[in-house]
Undergrad: 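Below are the structure tokens for one structure; questions will follow.
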2 protein chains.
Amino acid sequence: MTRYKLTMAYDGHLFHGFQIQPNQRTVQGAIEEALMKLTKGKRVVVHGSGRTDAGVHAKGQVIHFDYPGKTIPAKNMMLALNSLMPTDTVFFDSEIVDDDFHVQYSTKGKWYRYIVDQHHFVDPFRRFYTGHYPYPLDVKKMQQAAQDLIGEHDFTSFAASGGQIKDKVRTIYYVNIQEDPKEKKIIFDFIGNGFLYNMVRILVAALLEIGNGKRPVDDFPRVIAAKDRQEVRGTAPASGLYLYHVFYDKVPTKYRLDVKNN
Amino acid sequence: MTRYKLTMAYDGHLFHGFQIQPNQRTVQGAIEEALMKLTKGKRVVVHGSGRTDAGVHAKGQVIHFDYPGKTIPAKNMMLALNSLMPTDTVFFDSEIVDDDFHVQYSTKGKWYRYIVDQHHFVDPFRRFYTGHYPYPLDVKKMQQAAQDLIGEHDFTSFAASGGQIKDKVRTIYYVNIQEDPKEKKIIFDFIGNGFLYNMVRILVAALLEIGNGKRPVDDFPRVIAAKDRQEVRGTAPASGLYLYHVFYDKVPTKYRLDVKNN
């Protein structure tokens with residue numbers, strides 16, 4: 001038995017999310033199907049660093065599994081899986097890890113990216129890969145408001161209800177919002193020790209309200225303190241969200257400089 | 001009756017090409033269906049500047065049609081069609097033109113772009129939007145060879161057989177090949193007075209052979225003179241091709257500087 005850790009990208013628009021589900025096309029399901037071809041029918045359980053919802057993409061999802069057969073060099077395992085997997089997924093890094101490595105519990109942080117398309121009409125080439133927001137946005141206001149998110153907070157107001165996780169305290173290390181006026185894109189980056197269900201998409205929805213002047217720029221301390229999902233009703237669409245990177249070493253200092261409360 | 005000229009982009013990967021066909025999803029079919037909603041059932045024939053094949057994209061396809069109802073301002077026509085059309089198409093320019101304007105016969109030139117993805121494995125986010133070529137390429141060699149394409153030539157060797165057009169003489173005004181090493185992309189631009197069936201995809205296939213050292217860099221004069229499609233057997237995949245711009249005024253001088261024979 002050999003434990004493999006692999007890093008992958010996927011276009012999420014034709015997947016019903018990462019987690020395996022009966023009669024649905026999922027990323028985990030596609031990987032397990034490919035592995036089954038290698039093991040000649042024996043199921044290998046695939047663990048992901050975290051789930052992504054239907055339509056959400058990954059540029060740096062990390063998985064691990066215990067391969068029951070003879071040890072294969074890490075690079076060859078990657079090549080074999082790439083040749084067996086559908087073209088909306090690709091593995092680009094691979095290593096053999098110790099048995100105490102766990103792709104979910106060993107994480108030190110996660111980086112999510114959200115891309116907003118600002119074209120007046122939906123750009124056909126971006127319809128699956130961005131969230132569309134054609135209204136005016138004041139990026140400086142969003143940047144200013146984002147500073148109030150950084151640090152350790154109870155993010156109940158920014159979590160979809162219905163999750164099983166009771167502890168809603170998370171630390172956001174870094175938020176960056178950059179505009180690409182030529183491409184009519186706005187890119188939101190969030191790095192933290194973990195994110196609640198739908199949290200990034202709810203944060204983006206709230207930031208867009210601030211950028212559009214519908215919500216005061218200094219509203220976040222109040223919203224956080226309220227611990228009430230009703231304070232932020234919107235959720236930005238899945239199509240704009242990317243699991244961008246998972247940290248297994250300490251999150252680099254350059255992404256922690258802004259942390260106030262921790 | 002009012003003649004409208006509209007400029008549009010489309011993601012071609014879910015279309016069976018531009019030209020209407022029974023029981024196939026086509027761009028022309030989608031536009032005519034939208035127009036039928038405006039005319040309450042009366043068919044309006046849509047003309048395109050040219051056909052694009054299944055899977056080929058457009059960043060600047062141009063169409064015209066004669067609208068039988070009351071004249072609608074050009075911008076409102078565009079807004080109405082955008083709201084009625086599927087999201088893999090978008091109109092971004094619109095004007096009312098004289099009755100003697102014809103989107104196909106009034107063209108002065110066409111600009112096609114071809115994008116090659118050089119990642120080792122297919123990038124999931126580019127699988128529908130590039131042609132994949134993971135082998136080494138010498139861009140300078142391709143640029144050098146491309147100079148032999150410029151000018152007025154009989155391009156029989158670069159045309160798919162079976163077309164009805166007998167005159168295979170076309171003029172290429174401009175070829176530019178640029179590398180984006182950071183993005184692992186190579187972008188081919190071709191501007192000419194017209195292109196034969198599959199010509200751009202065959203040109204790209206031949207240029208890739210030159211870039212990869214499979215064909216001599218000075219081979220094109222010989223290939224052109226041979227007037228034989230067997231000289232270039234390859235055709236680059238449709239997914240990388242974009243109808244980028246159609247010229248209705250004279251092609252700007254900056255794109256004609258290189259023309260030798262004309």
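Bear in mind the structure is a predicted one, so any value in this text is a computation, not a measurement.
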Undergrad: Please report the shortest heavy-atom distance between A9(B) and P124(A), naming the atom on each side.
TA: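 Heavy-atom minimum between the residues: O-CG, 3.9 Å.
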
Undergrad: Relative to chain A, which segment of F91(B) carries a heavy atom at a distance below 4.5 Å: side chain, backbone, both, or neither?
TA: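 For F91(B), the contact with chain A is made by the backbone alone.
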
Undergrad: May I have a list of the donor-acceptor pairs under 3.5 Å that connect chain A with chain B?
TA:
unit_1	atom_1	unit_2	atom_2	d
D11(A)	OD2	R127(B)	NH1	2.7
R127(A)	NH1	D11(B)	OD2	2.7

Undergrad: With only heavy atoms counted, which part of M78(A) is less than 4.5 Å from chain B, the side chain, the backbone, both or neither?
TA: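 It is the side chain, since no backbone atom gets that close.
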
Undergrad: For the interface with chain B, which of F121(A), F128(A), F125(A), F92(A) has the highest count of heavy-atom pairs at distances below 4.5 Å?
TA: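 Winner by heavy-atom pair count: F125(A).
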
